[in-house]
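None of the values given here were measured: they were computed from a predicted structure.
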Amino acid sequence: MFAWSKSGSASAFARPVTTVRHFSSPIESLSTLEKLKIKMTPWVWDRKHLTPGSLPTVAQRKPFRVELEPGKEYMWCACGLSKTQPFCDMSHVKTLGDFKPLKFVWDGPKQTVSLCGCKLNKDESGARCDGSHRRIDFDDMSKYKPNFTRTQEW
């Protein structure tokens, strides 16, 4: 694909014009600089900064039980494609920017906790399982839209 520069010459390296999808999300209330930082960072610190245009892949229909250590950083897979679930192995690059892992530092004592396996928990739950997997009809995912857990009905 070629794009024309202002001088009229074709360039194979110019970015093609794309259609931008617009949907309401918590990220819209952030400043331009904050949005740029989120876009350029390979992870997010807050689930509300994830604004995928598609549903994640359901890794499993129940939580992952994992032992977390205090003060250690973890990267929770938000796309569901990682082979090292529930943690990220960078498989989200296949989503072309739709998903990023959620980075968090465990500040509790060393213990076994439940991390979300369905990838459809609420923003305020972070990586922890909030039981959303009990309310989802996994056999008919077509009735759900991206970010449906952010609606008041959910």
Side-chain angles (χ1 to χ4, degrees), residues 15-154:
R15 294 183 63 172
V17 177
T18 58
T19 303
V20 178
R21 291 177 294 179
H22 181 73
F23 50 91
S24 179
S25 72
I27 202 167
E28 290 178 354
S29 63
L30 300 175
S31 73
T32 303
L33 181 59
E34 289 170 320
K35 290 178 189 177
L36 182 61
K37 285 180 184 177
I38 291 167
K39 186 175 183 176
M40 300 304 291
T41 306
W43 63 81
V44 294
W45 287 100
D46 193 333
R47 287 227 24 195
K48 69 182 177 191
H49 295 155
L50 289 172
T51 56
S54 61
L55 291 172
T57 300
V58 175
Q60 70 178 22
R61 297 179 182 194
K62 61 183 182 177
F64 290 97
R65 299 285 293 159
V66 295
E67 188 171 288
L68 301 180
E69 298 177 19
K72 187 173 177 185
E73 282 186 353
Y74 296 94
M75 300 277 270
W76 175 75
C77 169
C79 70
L81 298 174
S82 175
K83 302 291 184 235
T84 59
Q85 290 291 339
F87 303 111
C88 179
D89 69 357
M90 302 302 285
S91 293
H92 61 274
V93 296
K94 298 173 192 169
T95 69
L96 303 176
D98 231 11
F99 293 95
K100 292 182 180 184
L102 175 68
K103 187 174 187 176
F104 68 97
V105 176
W106 181 248
D107 57 1
K110 183 176 182 175
Q111 67 182 30
T112 302
V113 299
S114 295
L115 296 184
C116 180
C118 71
K119 311 302 179 187
L120 298 168
N121 59 342
K122 291 189 173 192
D123 290 347
E124 56 270 14
S125 302
R128 294 195 76 164
C129 176
D130 64 5
S132 291
H133 61 276
R134 292 187 212 121
R135 300 174 65 192
I136 295 170
D137 180 7
F138 292 105
D139 296 324
D140 186 15
M141 293 294 287
S142 65
K143 61 181 158 186
Y144 302 111
K145 303 291 181 233
N147 304 316
F148 73 92
T149 58
R150 293 179 178 161
T151 62
Q152 293 201 0
E153 303 87 50
W154 189 254

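Among all heavy-atom pairs drawn from Gln111 and Val113, the shortest one is NE2-CG1, 3.4 Å. Across Arg135 and Tyr144, no two heavy atoms sit closer than the pair O-OH, 3.9 Å. The two residues Cys118 and Ile136 make their nearest non-hydrogen contact at SG-CD1, 4.3 Å. Here the closest heavy-atom approach between residue Trp76 and residue Ala127 is recorded as CG-CB, 3.4 Å. Closest non-hydrogen pair, Leu68 versus Phe87, comes out as CD2-CZ, 4.1 Å. For Pro86 against Leu115, the heavy-atom pair with the smallest separation is CG-CD1, 3.8 Å.
Atom SG in Cys88 sits 10.0 Å away from atom CG in Leu81 (nearest 0.5 Å). For the atom pair NZ of Lys83 and CD of Gln85, the computed distance is 9.0 Å after rounding to the nearest 0.5 Å. Atom NZ of Lys100 sits about 8.0 Å away from atom NE2 of His92, to the nearest 0.5 Å. Between the SG atom of Cys116 and the CD atom of Gln60 there is a distance of 9.5 Å, given to the nearest 0.5 Å. Atom CG in Leu102 sits 13.0 Å away from atom CZ in Arg128 (nearest 0.5 Å). Considering CZ of Arg134 and CZ of Arg61, their distance stands at 15.0 Å, rounded to 0.5 Å.
When the side chain to side chain donor-acceptor pair (under 3.5 Å) test is applied to Arg65, the partners found at least two apart in sequence or on another chain are Ser114. For the side chain to side chain donor-acceptor pair (under 3.5 Å) test, no residue two or more places apart in sequence or in another chain qualifies with Thr112. For Asp139, the side chain to side chain donor-acceptor pair (under 3.5 Å) test picks out no residue, with sequence neighbours left out. When the side chain to side chain donor-acceptor pair (under 3.5 Å) test is applied to Thr84, the partners found at least two apart in sequence or on another chain are Ser82. Applying the side chain to side chain contact (heavy atoms under 4.5 Å, CB included) rule to Lys143 yields the partners Asp137, Asp140; only residues at least two apart in sequence or on another chain are considered. With sequence neighbours excluded, the residues forming a side chain to side chain contact (heavy atoms under 4.5 Å, CB included) with Pro56 are Phe99, Lys119, Leu120, listed by chain and number.
In this structure, Asp130 contributes its side chain and Lys122 its backbone to a donor-acceptor pair below 3.5 Å. A donor-acceptor pair under 3.5 Å is formed between the side chain of Tyr74 and the backbone N or O of Glu69.
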